[in-house]
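In what follows, chains are A, B, ... by sequence order, proteins preceding strands, each numbered from 1.
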Amino acid sequence: MVATLLVFVMHLGFASLEAGLTRAKNTVNILFKNTLIPAIGLLTYAFIGFNLMYPGEAFEGGFIGLGGLGISLPEAWNTSSYNEGYTFYTDFIFQAMFAATAATIVSGAVAERIKLGPFLFFSVLYVGICYPIVGMWKWGGGFLDTLDTPFYDFAGSTIVHSVGGWGALVGAFLLGPRIGKYTASGMRAIPGHSIPLATIGVFLLWFGWFGFNGGSVLSADPGEVSLVFVTTAIAGAAGAFGALFTAYLKFKTYDITMVLNGILAGLVGITAGADLMGIGEAAIIGFIGGILVVLGVVFFDKIKIDDPVGAISVHLIGGIWGTLAVGFFGDLASFQQVISQLIGIGVVGAFCFLTSWIMFFSLKRSIGIRVDEREEVEGLDINEHSMQAYPDFASKD
Amino acid sequence: MVATLLVFVMHLGFASLEAGLTRAKNTVNILFKNTLIPAIGLLTYAFIGFNLMYPGEAFEGGFIGLGGLGISLPEAWNTSSYNEGYTFYTDFIFQAMFAATAATIVSGAVAERIKLGPFLFFSVLYVGICYPIVGMWKWGGGFLDTLDTPFYDFAGSTIVHSVGGWGALVGAFLLGPRIGKYTASGMRAIPGHSIPLATIGVFLLWFGWFGFNGGSVLSADPGEVSLVFVTTAIAGAAGAFGALFTAYLKFKTYDITMVLNGILAGLVGITAGADLMGIGEAAIIGFIGGILVVLGVVFFDKIKIDDPVGAISVHLIGGIWGTLAVGFFGDLASFQQVISQLIGIGVVGAFCFLTSWIMFFSLKRSIGIRVDEREEVEGLDINEHSMQAYPDFASKD
Amino acid sequence: MVATLLVFVMHLGFASLEAGLTRAKNTVNILFKNTLIPAIGLLTYAFIGFNLMYPGEAFEGGFIGLGGLGISLPEAWNTSSYNEGYTFYTDFIFQAMFAATAATIVSGAVAERIKLGPFLFFSVLYVGICYPIVGMWKWGGGFLDTLDTPFYDFAGSTIVHSVGGWGALVGAFLLGPRIGKYTASGMRAIPGHSIPLATIGVFLLWFGWFGFNGGSVLSADPGEVSLVFVTTAIAGAAGAFGALFTAYLKFKTYDITMVLNGILAGLVGITAGADLMGIGEAAIIGFIGGILVVLGVVFFDKIKIDDPVGAISVHLIGGIWGTLAVGFFGDLASFQQVISQLIGIGVVGAFCFLTSWIMFFSLKRSIGIRVDEREEVEGLDINEHSMQAYPDFASKD
Amino acid sequence: MKKIEAIIRTSKFEEIHQCIAGLGVKFFTFYEVKGMGMEHPKPQTYRGVAYEPAYIPRTKIEIVTADEHVDEIIQCILSQGRTGEVGDGKIFVYEALSAYRIRNNDTGEIAL
Amino acid sequence: MKKIEAIIRTSKFEEIHQCIAGLGVKFFTFYEVKGMGMEHPKPQTYRGVAYEPAYIPRTKIEIVTADEHVDEIIQCILSQGRTGEVGDGKIFVYEALSAYRIRNNDTGEIAL
Amino acid sequence: MKKIEAIIRTSKFEEIHQCIAGLGVKFFTFYEVKGMGMEHPKPQTYRGVAYEPAYIPRTKIEIVTADEHVDEIIQCILSQGRTGEVGDGKIFVYEALSAYRIRNNDTGEIAL
Ligand SMILES: Nc1ncnc2c1ncn2[C@@H]1O[C@H](COP(=O)(O)OP(=O)(O)O)[C@@H](O)[C@H]1O
Ligand SMILES: Nc1ncnc2c1ncn2[C@@H]1O[C@H](COP(=O)(O)OP(=O)(O)O)[C@@H](O)[C@H]1O
Ligand SMILES: Nc1ncnc2c1ncn2[C@@H]1O[C@H](COP(=O)(O)OP(=O)(O)O)[C@@H](O)[C@H]1O
């Protein structure tokens, strides 16, 4: 149950990180979205998500199933006979806290230019429907779980992070870059407005990740939970160094935002196999995650997909890497497993890419997804919220 | 015991929220008060509060009782025979962390104009004496607990939040509004200086609330604790939307400060009956809480009671609503229960109103409670603390 | 295991506090260091530290021992037979989180003028080697633990905080004061740039301290853990008042930075004997800690050792006081114990002073430890990181 | 055409603004400046070290106006900006050679 | 020697900068100011209370230049600074008596 | 009466302040400005993208003073503000027509 709270804190972590890495004139907007997202996640999950994700035995091995609307209590819900050491509600609330994560990831990548309404609309559908459907494939006993060599994703490198990452990729692509990011005379930097806020965000995310991974043990077995804690801690630490070295080699600066992204990439990377790895393997996975995230940021900038916070690199690239790593390292490593992992990555990717494309594209064609140019230049805070994040301070832009 | 820590974090939540919703020139003052308040709470509660609140069986059904000064250990204090799964000290520290909450609530409503000394003096008395007396009426086995249909207040919608709310109301009224808030030409906005700080505050409060409510189960029964987690999460989420919709209908803006207040009002609302409600009922209670808080802010502005952070609306209105809701929804709903709830609300309200009036009024007549005009205009930080919160930044006012 | 997470949060607390109490132009630098330090701590501890600290029975009573490199799992590591209620990994990760604390303490005292590279180099060695050697003396069954009256240091007033404090003293001394701090015309104030950040930091540290101390019970005995929680809470609260009164008497201002330091000094003070004290004793120890920290700040300013955040006063003076207090108060109080405590303080002090002197001095003579004057005046952020912490705001300096 | 620069107490800005708006002067520019003068800034203390911040925050108003309005604007500032205590600030007047309205190339007094 | 002061839309700074750089004017000073004028600031709302911030943020550019460059610089600002909507700002010109380069005591136009 | 405007290195403010205080000049106004000039701002990097911030932060000092003090003040600034490297800044002098002390309506040089 503590794990549930830690996952809750991650939403604050995301809110802080994304606010810190964007400009002061869009801060209210980012915080507004990231405050509503967990609320949306909790409510939609209660209404429909939980049943979509865990439809029950009738749908075992299937693609989609719905066990009813709302929450209907099983018998003996309040005793731990429901699941060793866990009650029905413990299970529900832990899963519900997870749910909103996918939308938070998208929020970072589309920041500073997306319209509020369409984004919230997308979030409701993505969190309420797409995420639980994907989740069901593996965690709800769906077909990915019943492969010969079952697809393995311990706490959601693919099921959670890549789902968010694909949505982020599609959203950032369909929106186009922020004004002034890629100009005729080359790429321009748009620095985030508060490094302390971003740092607080990453520490809180790391903190929450212990719950994210630790809680996914879904039992209070101290042996396994402690192992997961260790791999989570080591992978994050190694990710910091992976990103630090790569960024230094490429840019010749000690870039704290890259170190922060590297920590997250290390964490996303270990998420799929947190219970399968030893210390050394966790360090390698984290370190490579940290390298990949820096290369990812450079790559997406090169193809002019503008992701202000690096969400695609962290969650999509990190998620794919972590999922594959289960096939290469640790207790399940085998060629068969690599294939299963690739199937999982591919199927989930195709589904998420498609559904988020459909949603963003039809929103774009109908009500539009991007604020108009003047609003973007003046800032979303003034225009969408008639507010300022820091009214007492003299700020630029 | 984890719950204790979560309640501790709430003090940081209050500090951040109140600092964020007030001006930069009063930030040191707010933080100073909110740093001392938990210290005051812990020390007075150890010295006298705990005994006032839990005077022992001799005072059962009574109005006031004192079981001695300081902390005297019962036998077998360090084993769980003291209380199923709980030691004496666990009980003490959990209650002690609660204690200071009432003063923190007041602190927000009287912010930006109250003198430091009188406020701290008030806090010591209110936290050290008034709060435990009220607490004893219900939780210490006092007369509210021995009504025919006992007054029900699970984790303190009335016993904690309204107690703070009444003090806040009286304090804000006797102080009068901040200079420039209600002028001849109409009401003026005095925006809070940091929305990120306020957002961090609310997330931390929500986080802590799981401990506040979850810990009030006073046993580690996983069934009940998990239910309480779910209702707490859902009520907060519904509160966000209740406030969002109401604020949008009334003001046509997406006001993040109202969403933040709405979350808190939802949480205050569910606090009295967190263990009695299902998901649907929690959602309704939270949603209505969110509506009420917006109406409350508008109402208090209309009658010119100036509450910079909305503390009265959140804690007093939310607290009354939550306490009543126990009579309308959930396992205890009955007409009799409504009456008992009304009795509780009324008695506690009368007592708190009276005692805080007496205290604030005699302070006002003797040493004065309000800083002088020039100090208020220049800011309390410079005048009461000879310091600035952000000396490196160019700030207005 | 929850305790582990709390200790993790302390690193965020340190990062926030140190960033808040230094200038905006050095914020990225401070955050960069404090983000890498826990990563360094985790990795070095996994590689070598844990074995240095707990070399096994073969080295009982010794000065230094090494049980191998890397982590080798004992049998039955994943069951609680390893240690009542604890697995091997639980133990490792808890200790690993502790490890980096010593370097974080140093980081605060040498802030705003030390070069990044040499500092990180120092940190790796200090955390990777010096800290575990000292830790082994007591916690790894070394000679301090096998004295006739064993040296007692419950959670590390000496073993953790003084270790950091000595390094901080040596570092700050060898670096010299920040430019402009002690001028011909007297001492000048260099205010920290964000009091809210500093306040958040101290609350998070206090929060984490419950894990630091509570987790050091090394068993889930609810009686002892709850006692430790109470003493930790009370000592922090009393420290706040100790510092408040002292600062008011000396400076005639309500200085929040001193109150924050006072809380920390109270916490450092209780750390050595958190399980031995009652409420009253905890209050006295904390209160005196709060007094000492203010006197310490004044003293180090007088002898021109420039410690921007008060780390030496908090951790070294507080640590010595707390360690001594075990001899004066509580269950072990005796003359013999005072002697043992003095031995422990002296031996650890001598070792840390020497090793950190050697390291800092040889770094100073070889690659240099201080940034050049222009870099210091312009800020480390621009010069070492080519970045600004708050690029959207107009800031001084 | 003259340029009036007034360095005023930030707290008096609103009154002065009202007064000159009453004269029909709707256009001006202002910004925060730091002043050294006879008034001394409130001493601050940080960790036991008292210090005087080097300056007092003030607001500077700049109004370019036709010669005939100069006196009445100055009267407004003098009357509304005064507390009588040290630190009320100063007004300076300068000659302006020409003025342009960027929106439509208006030149001269019509552009003010 | 003249001093040109232009109060412009902050969003037009970049275009104007390019244009005057094209004239070979590499030296100038600018800062953020607040303007009162015909354009009204966007109303804001805080907790249900709508309010107009008292001003519009603008940028002020100061260029001291030899007499012969004044006109072309003004043309730059007029052409690049215009949106045609209320609020484009103003340009004022003043006489400057002398100029010094601190680095090497250069005086007069050579110091510009 | 003259107005001296000096754009200086922020780091030289203290020295210049001391020097002119030594001349008995206790009143002046200053504020932060941004400068374009021959010195180039230190390049920054953010997530792999190097960029030059568009300007250098500088401090502008404004002193209105009687004609006879102008030269000595300028000497102070020239001597104390110099590092000899590109970017030391400039001093400009303008004519001021009149001055008023808001506190007591003093006018002319007595108001300075
Ligand atoms: N000669 C001057 N040149 C530039 N600014 C001045 C001058 N004299 C005064 N000021 C500005 O006016 C402000 C008020 O001056 P002060 O002497 O404190 O007021 P008073 O004359 O009312 O006592 C100063 O802080 C400074 O900013
Ligand atoms: N006479 C003046 N003196 C000083 N500043 C002025 C004056 N007139 C205009 N300004 C400045 O120019 C800005 C733009 O003026 P505005 O009247 O809105 O533009 P426009 O004339 O294009 O409609 C104002 O906000 C103000 O800062
Ligand atoms: N003609 C000018 N008009 C306005 N400001 C100027 C002018 N020339 C220089 N400045 C200001 O002076 C600063 C220093 O100029 P710079 O050319 O770098 O110094 P230096 O001449 O010592 O090399 C510039 O950043 C700018 O703010």
Side-chain angles (χ1 to χ4, degrees), chain D residues 1-8 10-34 57-67 69-70 73 76-77 92-112, chain E residues 1-13 15-16 19 29-40 51-62 64-65 67 70-71 73-97:
Chain D
M1 223 164 8
K2 297 280 182 298
K3 180 195 198 190
I4 303 171
E5 286 190 358
I7 292 136
I8 59 165
T10 303
S11 57
K12 288 288 180 188
F13 176 78
E14 205 46 52
E15 277 104 324
I16 293 172
H17 175 30
Q18 297 300 337
C19 180
I20 59 175
L23 301 176
V25 177
K26 299 220 185 79
F27 305 92
F28 64 93
T29 304
F30 66 102
Y31 46 97
E32 316 303 331
V33 298
K34 299 162 184 178
R58 300 210 177 278
T59 295
K60 180 169 164 192
I61 300 182
E62 297 186 353
I63 311 174
V64 180
T65 187
D67 293 3
H69 298 305
V70 171
I73 293 176
C76 262
I77 302 175
F92 304 112
V93 183
Y94 310 90
E95 186 69 33
L97 302 179
S98 52
Y100 303 78
R101 166 174 282 126
I102 298 175
R103 171 159 51 97
N104 57 9
N105 285 10
D106 274 355
T107 315
E109 299 209 348
I110 199 179
L112 296 180
Chain E
M1 223 163 8
K2 297 281 182 296
K3 179 194 198 191
I4 302 171
E5 286 190 359
I7 292 134
I8 59 165
R9 289 185 191 276
T10 304
S11 56
K12 289 287 179 187
F13 176 78
E15 277 104 326
I16 293 171
C19 179
T29 304
F30 66 103
Y31 46 98
E32 316 304 331
V33 298
K34 299 162 185 178
M36 295 288 190
M38 258 153 50
E39 195 192 14
H40 283 281
Y51 67 106
E52 273 197 8
Y55 58 84
I56 300 232
R58 301 212 176 276
T59 296
K60 181 171 162 190
I61 301 183
E62 297 187 354
V64 180
T65 188
D67 293 4
V70 170
D71 280 342
I73 294 177
I74 289 180
Q75 282 317 317
C76 263
I77 303 176
L78 287 176
S79 62
Q80 298 302 318
R82 181 172 308 157
T83 67
E85 280 174 50
V86 159
D88 279 350
K90 304 281 168 73
I91 307 172
F92 304 112
V93 183
Y94 311 90
E95 186 68 34
L97 302 179

Among the listed options [options], the residue most often paired with chain E at heavy-atom distances under 4.5 Å:
options: D/Lys60, D/Lys26, D/Lys3; value: D/Lys3
options: D/Ala111, D/Ser98, D/Ala99; value: D/Ser98
options: D/Asn104, D/Thr29, D/Thr107, D/Val25; value: D/Thr29

**Asked** So, do E/Tyr31 and D/Tyr31 have ring centers that fall under 6.0 Å from each other?
**Response** yes

**Message:** Looking only at heavy atoms and a cut-off of under 4.5 Å, which of E/Ile91, E/Asp88, E/Thr83 has the most pairs with chain D?
**Reply:** E/Ile91

**Fill in**
Ranked by heavy-atom pairs below 4.5 Å to chain D, first place among E/Ser79, E/Gly84, E/Gly87, E/Gly89 goes to E/Gly89

**Request:** Measure distances from E/Glu85 to the heavy atoms of chain D and classify the residue's part below 4.5 Å as side chain, backbone, both or neither.
**Result:** backbone

**Complete:** Whatever's closer than 4.5 Å to a heavy atom in chain D on E/Ile4 counts as neither

**Message:** side-chain contact (heavy atoms from CB on, under 4.5 Å), that's the test. Do E/Lys90 and D/Val64 meet it? Break it down for me.
**Reply:** CA-CA 10 Å; E/Lys90 304 281 168 73; D/Val64 180; over 6 Å; no

**Asked** Where is the tightest heavy-atom contact between D/Ile102 and E/Leu78, given as atom of each residue plus distance?
**Response**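 Smallest interatomic distance, heavy atoms only, reads CA-CD2, 3.6 Å.
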
**Message:** On a heavy-atom basis, which atom in E/Tyr94 and which in D/Glu95 lie closest, and how many Å separate them?
**Reply:**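 Nearest pair, atom of E/Tyr94 first, then D/Glu95: CD2-O, 3.2 Å.
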
**Item:** Any pair counted as salt bridge (charged side-chain N to carboxylate O under 4.0 Å, His left out), so long as it reaches residues 103-112 of chain D, sequence neighbours left out
**Value:**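 As it turns out, the salt bridge (charged side-chain N to carboxylate O under 4.0 Å, His left out) pairs with a partner in residues 103-112 of chain D, which skip direct neighbours, are D/Arg101-D/Asp106.
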
**Message:** Can you list everything that forms a ring pair (Phe, Tyr, Trp, His ring centres under 6.0 Å) with E/Phe92? Sequence neighbours excluded, please.
**Reply:** none

